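Notes follow once the structure below has been shown.
Since we're looking at a predicted model, the values are computed, not measured. Throughout, residue positions are numbered sequentially from 1 according to the sequence presented.
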Amino acid sequence: MDPLYAPDTPQDSIPQESEMDAAAKEKHARRFNRGLIWLGAGLLLLLSSFAVNFLLFHAGGDFSVAMYVLTSLGMVGILKGMGDILGF
């Protein structure tokens, strides 16, 4: 099996495991925070969809567009947030 780095590479230029672990943890933390934001936005869209549908239904208006658009966007936001949190 070939070595990962050329034999003449100085040891100082090879990234150490702690540096790689720190970079991976930082990347995961950024994705996790971004996932929480997406999750919150999706939940906010779903709650606003419920409120708009509730009001339009009792007012006798047409609520089909608001129901499908806001609910679909809310679910996309939740799925995107879950994907970021879980690391997909």
Verdict with supporting geometry, Ile37 and Asn33, side-chain contact (heavy atoms from CB on, under 4.5 Å): CA-CA 6 Å; Ile37 291 170; Asn33 288 336; 5.5 Å; no
Phe32: hydrophobic cluster co-members (side-chain, 4.5 Å): Leu36, Leu39, Leu43, Leu46, Met75, Ile78, Met82, Ile85
Counterpart residues, side chain to side chain contact (heavy atoms under 4.5 Å, CB included), relative to Leu79 (two or more places apart): none
Salt bridge (Lys or Arg N to Asp or Glu O under 4.0 Å) pairs, two or more places apart, involving residues 46-55: none
ring-ring contact (aromatic ring centres under 6.0 Å, His included) contacts in which one or both residues fall within residues 63-88, not counting sequence neighbours: Phe57-Phe63
Sequence neighbours excluded, every pair satisfying side chain to side chain donor-acceptor pair (under 3.5 Å) that has a member inside residues 72-83: Lys80-Asp84
Reported CG-to-CG distance for the pair Leu44 and Leu70, which is rounded to 0.5 angstrom: 10.0 Å
Closest non-hydrogen atom pair between Ala66 and Ser49, with its separation: O-OG, 4.0 Å
Co-membership, hydrophobic cluster, residues Val65 and Leu55, 4.5 Å side-chain: no
Set of side-chain hydrogen bond (donor to acceptor under 3.5 Å, both in side chains) partners for Arg31, sequence neighbours left out: none
